[in-house]
Amino acid sequence: MTDGSDTTDDASTDAEPLVRVRNLEKYFWENDSLFDRLFGEGKTAVKAVDGISFDIRRGETLGLVGESGCGKSTTGETMLRLQEPTGGRVEFEGENIYDLDGADLQAFRREAQVVFQDPFSSLDPRMTVGDIITQPLEIHGVGTAAEREERARELLGHVGLSADQLDRYPHEFSGGQRQRVGIARALALEPEFIVLDEPTSALDVSVQAQVLNLLDDLQEEFDLTYLLISHDLSVINHVCDRVAVMYLGELVEVGPAADLFAEPKHPYTEALLESVPRASTDERDRERQTISGDVPSPRNPPSGCSFRTRCPVVIRPPGLDVPRSAYREIVQYRTLLENGRLDPESRWEQLDDPDRTNTRAFVDGLYDELFTERFDGDDDAVVTESFEALADGDVEEAIELLRSRYESVCEVVNPELVDEPHPSACLRDDQPGSVRTAVDEWEGASTAVDATGSTGGADVDVAAPDGGTADADR
Amino acid sequence: MSQYQFLIRRGLQGLLVVWGVVTLVFLLRFMTPGSPVDFVAPLDASPELRAQIARNLGLDQPIYVQYAQYLGGLIQGDMGYSYIRGRPASGIIVSRIPATLELAVAATVVAIICSIPLGVLSATRRHQPTDYAATTFSLVGISTPNFWLGIMLIMVVSVGLGILPTSRRPIGLIPAIELLIFQFETVGIRAWIAHMILPAVTLGTYFTAMIVRLTRSGMLDQLGQPYVEAARAKGLPETLVTYKHALRNTMIPIITVLGLQLGSLIGGAVITEFVFNWPGLGTLIIDAIRVRDWPIIQGALIVIGIGFVVINIVVDALYARLNPRVSLE
Amino acid sequence: MSGRILSDRVRRSLKREFSRSLMAKIGLFLVVLMVTMATFAPFLAPHDPTQQGLDESNLPPAGVTQTSEEFRMVDGERTTVTVEREGSLEHPLGTDALGRDLFSRVLFGARTSLMVGLFGTLFAVGTGVSVGLTAGYYGGRTDDVLMRFADIMLAFPALVLAIALVGLLGPLTILIPDPFVQLGLVTGMPANFVFPITLTIVVGVVNWVWFARIARGEALSIRQQEYVKAARSLGASDWTILRQHILPNSLTPIIVLATIQVAAIILLESSLSFLGFSGTSLSWGFDIAQGRQYLGTSWWIASMPGLAIVAAVVGINLLGDWLRDALDPGLEGEHGGGM
Amino acid sequence: MTRNGPILRVEGLETRFFTEEGQVNAVHGVDMEIDDGEVFGVVGESGSGKSVTALSLLGLLESPGRVTGGEIWYRSAELADSVAEETPTAVDGDYVNLLGLPDRVRRTLRGTHFSMIFQDPMSSFNPSLTVGEQIAEAVEAQQRARSNPRSVASRTQGYGLSQYLMSFVSSSRKYVSEESRDRAVELLEMVGIPDPVLRAEEYPHEYSGGMLQRAMVAQALAGEPNVLIADEPTTALDVTIQAQVLDLLDEIQAETGMTILIITHNLGVVARMCDRVGVMYAGEIVERGALADVFDSPVHPYTQGLLGSVPDLGGSSGRLQPIAGNVPSLLDHEMPDRCYFADRCPKAMEACLRKPPELPVDGAAGHTAKCYLAEEPFDESTALPDGYFEGGSTDAADPADASGAAEVASDGGESE
């Protein structure tokens with residue numbers, strides 16, 4: 001919970017933000033049963049949310065976007081204290097919500113509400129719509145039963161349902177209507193702040209549009225502040241004032257929606273935007289830069305920058321003279337090895353060579369499969385050497401060979417967000433002093449090791465952000 | 001986690017359960033009215049004699065000392081001396097295990113062989129005569145108390161038709177096989193089979209009926225899964241879709257249920273033994289309860305508990321083998 | 001809040017499933033029959049079920065004539081005589097070796113089975129559901145400990161544990177005055193109903209684990225439902241959530257299991273009575289044990305009570321199937337609309 | 001490929017589900033023509049009947065669903081030849097009416113002539129068999145079919161229960177041969193799965209969603225089918241993975257010239273992939289034509305509404321223009337005898353109380369719409385008044401529908 005050198009300490013905005021998230025962490029533990037404890041097997045952490053910080057200003061809609069499993073829903077739930085955090089703080093109107101209890105906590109519960117994704121599981125099937133909407137009032141002891149029912153009628157009107165539907169059960173409604181009921185429940189206590197967790201992703205497009213419009217109207221009418229969690233960039237773009245992009249439990253970019261969509265800074269944001277198919281007739285001919293590979297497992301996230309395993313513009317080591325596409329192939333080859341996805345045994349079996357004498361064939365086979373072109377000079381030697389190590393069954397050696405020559409600064413230094421309106425967590429972008437120091441240190445060390453083989457020098461890529469140019473992946 | 005580690009871990013877990021079983025069984029004596037001395041001592045025993053007997057049985061010690069002694073004895077395989085027979089309880093119990101084991105295994109084998117094909121047929125020929133016959137059989141099967149079924153079988157088959165022997169177990173499987181191998185004498189094995197049929201059918205019926213039900217509903221569930229549709233879409237013959245795809249996934253959850261239901265098999269075995277005068281653990285335990293022969297009661301309960309735990313570990317291992325999604329926990 | 005246990009949809013689904021299923025109808029018929037028999041046994045029974053009559057012993061059921069050879073002492077010598085007995089409507093199901101009317105005994109036996117089945121299940125539901133819901137909702141160490149204990153309970157086969165417990169605790173019974181007899185509505189019937197209390201508690205004790213497991217599973221999954229999260233975000237207390245959301249929504253499988261468990265407990269009760277551990281002699285299992293000695297001569301003594309058990313248990317199981325199909329369409333039933 | 005008419009011609013396809021609640025008209029009167037080598041998109045919201053259409057084409061409907069009418073003409077000279085004797089009525093030149101063939105024959109077409117990719121790769125692979133094994137099965141099935149094309153039943157006859165049981169005993173009796181396994185690895189490599197040898201031995205749960213969807217594509221390609229039906233192929237995937245899978249389909253189509261039918265609710269996917277598109281609503285194709293025609297000059301108000309509902313990535317454009325109301329009931333007794341969209345349509349006219357036929361749209365070949373607006377412009381004077389369909393006797397029967405009507409009203413208010 002230390003603030004340390006954190007950069008977002010003093011808010012640069014004129015007004016105090018409504019919600020302030022600082023270094024929020026939420027880990028889930030695996031192998032943590034009574035037995036694991038008895039047998040002393042180490043529990044492992046899945047870092048669903050790994051130290052994120054952002055502000056939500058009064059009256060704005062902040063979008064939190066990311067792919068499934070990136071931790072965006074966990075963030076939302078932890079911010080509402082539906083789950084206890086592993087570390088960090090969330091300040092709501094200046095108070096850390098994790099320090100609240102008793103009446104203060106109840107007061108916070110009145111102010112912050114949530115609307116969930118699934119219109120089927122978000123409403124208790126055994127309660128009538130009236131019961132569902134009056135539940136918050138009842139919990140907080142607001143009004144008499146008659147007053148509460150009156151309020152429920154009023155709320156139904158606000159969300160565009162007719163008031164005589166109070167006695168109905170959720171299953172009698174369509175998906176869109178249920179989502180309206182969920183919204184009415186969230187509005188019942190007149191909250192300041194609502195977390196919208198994928199509120200439309202289970203709905204058809206035409207119904208989605210209805211709900212988005214409704215949310216828009218309600219925000220205006222009741223001065224609401226929204227946190228909109230979604231995987232759908234077009235929804236985020238349509239609704240949000242500011243956007244935060246999440247990847248593997250970390251924020252990679254935060255900025256005003258217009259800026260971020262027009263000029264994404266982080267390669268991941270860019271890839272996300274590129275990947276969305278547009279509903280227009282020129283979509284077929286659009287130049288696309290999509291990214292390859294899968295999201296790594298959060299159980300075993302990459303070192304350094306978590307996006308580096310898929311990044312099309314990963315920073316090459318200083319002085320290395322291979323084209324970016326070839327460098328990507330080397331990175332992928334190394335990732336295969338490190339994840340145990342390349343098994344020399346099965347390769348040999350395929351080769352039909354019981355004595356395993358023909359190392360040449362082994363090397364050539366892999367070379368052709370993994371690389372479009374052969375390297376020359378030192379690169380060829382190193383790659384071949386690593387294949388030979390593999391042929392001997394020494395995966396560790398092969399990894400080490402590759403690492404010593406091809407390690408990128410992105411593997412070593414974890415980029416952070418600086419305190420400015422539109423920061424991105426990429427080493428190619430502005431970075432806080434501590435990160436810059438780490439980069440310098442690494443470069444010093446690596447040039448020292450590499451001095452024999454290469455010319456050394458600064459990384460050329462930092463100065464030339466060329467994400468869109470020809471040598472991006474594919 | 002390797003198979004080996006899994007078994008060790010599961011074994012340790014089982015050990016903990018066994019320890020719980022032992023403790024519970026031990027405490028059982030203190031929860032029940034009356035002292036063992038009442039059953040052991042002559043009716044007109046003097047207080048001195050009673051005290052002497054209590055001392056001999058170790059009953060004068062505080063509970064925790066008795067508990068420690070009992071645990072210590074168990075670890076060495078000593079369950080005390082039978083109050084009634086004056087012999088080591090462990091010896092008596094061990095001598096009864098084969099009979100129970102043979103009966104339970106025979107019933108399980110019969111049940112599995114009959115039930116799974118019946119369940120599959122019932123599901124694949126839904127709403128056809130086969131299905132109705134199978135569901136009726138399984139419904140009546142799970143609703144019939146097996147002691148009554150046993151009695152009815154004895155009445156009709158043995159007493160009425162006079163074809164199979166009513167009760168007892170003249171020879172164990174192993175002696176019967178020895179006889180067969182070393183003396184080329186089939187009389188032993190024939191007697192074994194003849195005496196096994198009725199008890200095995202009695203015990204196996206409930207189990208068969210239950211597995212038919214489980215298999216049927218499991219198959220119906222699996223046949224509605226998207227992967228079955230996908231398998232059909234790629235042009236696989238229906239045999240393969242049914243047996244290789246659907247049945248495999250049906251068996252995975254059934255195995256866990258079976259593991260739990262083996263308890264009812266063992267329970268059923270106890271009463272089946274009673275009906276057929278089968279000299280197994282069941283009759284032993286019932287007789288011992290009637291005369292409060294505590295060392296036997298405790299020992300037999302512990303053996304049954306351990307047996308059940310072991311079966312469940314085996315079932316778990318089988319489950320993990322069949323289900324690739326379980327990385328052995 | 002809505003106090004209804006069954007929502008409209010569930011009721012509709014029950015009705016639909018009932019109307020299309022012959023099995024459900026048979027089940028309901030059998031169960032209603034059994035309940036009627038048990039409740040109005042003093043009115044329906046032609047004889048006092050405990051009344052012995054040596055000259056009427058071993059009479060076959062109505063319409064059956066049984067010839068058997070018996071040993072008699074005639075003039076101090078053992079001779080074999082052929083005895084022919086004819087069944088009559090006076091004793092529709094015949095009599096046992098002591099001349100007691102089997103039909104009356106079957107009627108009164110239904111009382112024992114039903115009472116033990118119901119109260120045993122209630123006991124198991126009460127214990128199991130509270131333990132299971134607590135374990136499932138709170139999770140963590142509470143859950144770990146409770147479920148390990150459940151594992152230990154499961155390591156004893158229910159019947160074995162029940163035999164040990166009942167056998168060792170002794171068959172305690174309480175006498176419940178029969179209201180019909182007390183009010184003088186019928187005469188010549190036993191004044192009290194013998195309720196085997198130990199047996200009832202024991203069958204509950206050995207069965208609670210099943211309810212604990214299923215309730216825990218339900219609580220675990222319902223806890224993850226968004227409406228529970230929503231309630232927590234509104235500031236609802238754990239107690240409110242358990243009472244208002246978790247319990248009502250986990251009822252369906254619990255009701256289905258409870259139905260099936262009534263059947264299982266009736267089987268268990270009959271087994272224990274068969275072994276002579278129940279403490280009451282008015283029980284189907286007990287009668288089967290009695291009839292076991294007369295298999296060669298009087299087949300009906302052991303058969304009739306057994307048929308009663310099968311009919312009762314089949315009925316309850318059918319009812320259970322019906323509830324399951326109607327309440328949990330995922331388990332059986334046709335696929336939905338498919339769109 | 002020779003150009004002599006469409007590869008698939010669907011005429012008046014009707015599929016119904018006979019459920020407890022009544023007869024559900026999931027698909028009724030669908031007409032479409034799919035040209036050889038094109039990518040055709042069927043787009044619609046949930047409950048529009050698009051997936052049922054796909055299943056009907058393959059004959060994969062499960063009870064209580066049944067194709068009750070229409071014809072599916074499929075062009076294949078080879079097939080026409082082999083079935084001409086048995087079912088002459090189902091053959092017309094090179095065309096075969098799939099609905100006229102016995103089930104036994106249709107089964108053999110799966111995998112070889114038609115393949116399918118399903119929405120959820122995780123549930124569409126058997127969780128307890130390796131991915132390699134499952135793809136090899138598909139390869140094997142196709143090889144068995146091809147080795148004996150004349151006998152359409154050969155595949156199923158060649159492998160019965162006894163052979164299956166024998167396969168546990170003797171490895172030579174296994175259904176899947178070594179060659180098929182090798183081919184499965186090749187296919188995995190073809191769809192861009194790194195280290196296919198190792199991955200073939202893995203189980204579905206060890207794959208990521210994207211990888212598994214690639215594997216499903218590989219499985220669908222096993223029999224080198226002529227028509228690939230992709231039912232929501234990317235709906236379960238994240239957007240970056242969706243892009244990869246779409247790229248893959250695109251590449252494969254370019255390489256093999258295969259005909260692809262894409263079923264999706266995502267207009268972006270349609271725009272990305274398709275040459276021509278059909279828009280489905282309430283079991284009908286309400287508008288179809290070339291992608292540019294349908295997307296740039298939609299005629300049917302539903303198509304217009306659908307396009308207007310999608311939030312755009314390129315700069316936010318104020319309020320969305322949603323379609324009021326909800327997806328309609330498909331229960332037979334609740335379906336009115338009028339244009340099914342009229343109750344949600346902002347341009348409903350008196351004419352719309354009669355069912356519109358499929359009408360050609362001016363100026364574009366092959367662009368048709370089931371809407372009178374295809375022929376005549378919107379006429380204010382004959383427009384139905386607001387709230388015309390509210391409280392109508394047909395709607396009041398079911399409470400859910402009545403509430404739907406109420407919502408229509410409130411939404412109508414909002415969007416003004």
Side-chain angles (χ1 to χ4, degrees), chain B residues 1 112-113 116-128 130-131 218-256 317-329, chain D residues 54-55 58-63 107-130 133-135 137-142 144-145 155-165 167 175-176 202-206 216 219-220 222-223 225 229 231:
Chain B
M1 197 185 284
I112 289 176
I113 291 176
I116 291 175
L118 204 55
V120 172
L121 281 181
S122 182
T124 50
R125 308 198 177 160
R126 205 159 172 223
H127 300 315
Q128 289 174 23
T130 324
D131 182 24
M219 277 296 280
L220 286 177
D221 182 32
Q222 290 299 325
L223 287 171
Q225 296 294 315
Y227 74 83
V228 166
E229 191 173 55
R232 290 190 180 126
K234 68 189 184 194
L236 289 191
E238 200 59 30
T239 324
L240 217 59
V241 175
T242 308
Y243 288 92
K244 185 170 172 184
H245 285 260
L247 181 58
R248 197 186 177 89
N249 289 306
T250 305
M251 290 320 292
I252 291 170
I254 286 185
I255 282 172
T256 356
L318 196 67
Y319 177 78
R321 266 200 93 80
L322 269 181
N323 188 354
R325 274 172 295 187
V326 178
S327 54
L328 302 173
E329 224 167 318
Chain D
L55 294 176
L58 251 72
L60 279 176
L61 282 171
E62 294 274 338
S63 162
R107 199 174 307 142
T108 65
L109 301 180
R110 292 177 209 148
T112 40
H113 292 261
F114 299 91
S115 272
M116 189 151 175
I117 300 175
F118 295 89
Q119 168 171 358
D120 181 5
M122 278 299 167
S123 64
S124 300
F125 272 103
N126 187 332
S128 61
L129 295 174
T130 62
E133 169 89 15
Q134 298 187 55
I135 297 175
E137 278 180 347
V139 175
E140 188 72 31
Q142 303 328 320
R144 285 172 191 239
R155 226 171 339 164
T156 36
Q157 281 168 355
Y159 200 83
L161 181 55
S162 52
Q163 279 96 331
Y164 174 72
L165 291 175
S167 71
Y175 182 76
V176 177
E202 289 183 0
Y203 289 93
H205 72 276
E206 298 172 79
M216 181 129 67
Q219 177 174 283
I229 299 175
D231 185 3

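Order of the sequence lines sets the chain letters (A, B, ...), proteins ahead of strands, with each chain counted from 1.
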Practice task
Determine whether V228(B) and E62(D) make a side-chain contact, defined as any pair of heavy atoms from C-beta on separated by less than 4.5 Å.
Solution key: no

Handout entry: Heavy-atom pair of closest approach, residues A141(D) and K234(B)
Key = CB-O, 4.0 Å

Exercise for the section: Under the side-chain contact (heavy atoms from CB on, under 4.5 Å) rule, what do E140(D) and L240(B) come out as? Steps first, then yes or no, please. Expected result: CA-CA 12 Å; E140(D) 188 72 31; L240(B) 217 59; over 6 Å; no

Practice task
Mind checking the OG-CE spacing from S128(D) to M251(B)? Nearest 0.5 Å is all I need.
Solution key: 12.0 Å

Practice task
With Y227(B) as reference, evaluate P127(D), S123(D), P121(D) under the side-chain contact (heavy atoms from CB on, under 4.5 Å) test and give the passing residue.
Solution key: P127(D)

Exercise for the section: Please flag which part of E206(D) lies under 4.5 Å from any non-hydrogen atom of chain B: side chain, backbone, both or neither. Expected result: neither

Handout entry: Carboxylate-amine/guanidinium proximity below 4.0 Å for R107(D) and E238(B)
Key = no

Problem - Max heavy-atom pair count under 4.5 Å with chain B, selected residue of D120(D), I229(D), L129(D), T130(D) - result: L129(D)

Completion exercise
Residue set satisfying salt bridge (Lys or Arg N to Asp or Glu O under 4.0 Å) with E202(D), at least two apart, ordered chain then number -> R341(A), R199(D)

Problem - Counterpart residues, side-chain contact (heavy atoms from CB on, under 4.5 Å), relative to I112(B) (two or more places apart) - result: T108(B), I116(B), I211(B)

Fill in the blank from the handout: When rounded to the nearest 0.5 Å, the distance separating CZ of R232(B) from CG of L58(D) is 12.5 Å

Problem - Euclidean distance, F125(D) CZ relative to H245(B) NE2, rounded to 0.5 Å - result: 10.5 Å

Practice task
Would you mind checking which part of Q219(D) comes under 4.5 Å of any heavy atom in chain B, side chain (CB onward), backbone (N, CA, C, O), both or neither?
Solution key: side chain

Exercise for the section: Identify which of E133(D), Q119(D), M122(D), M116(D) forms the greatest number of heavy-atom pairs closer than 4.5 Å to chain B. Expected result: E133(D)

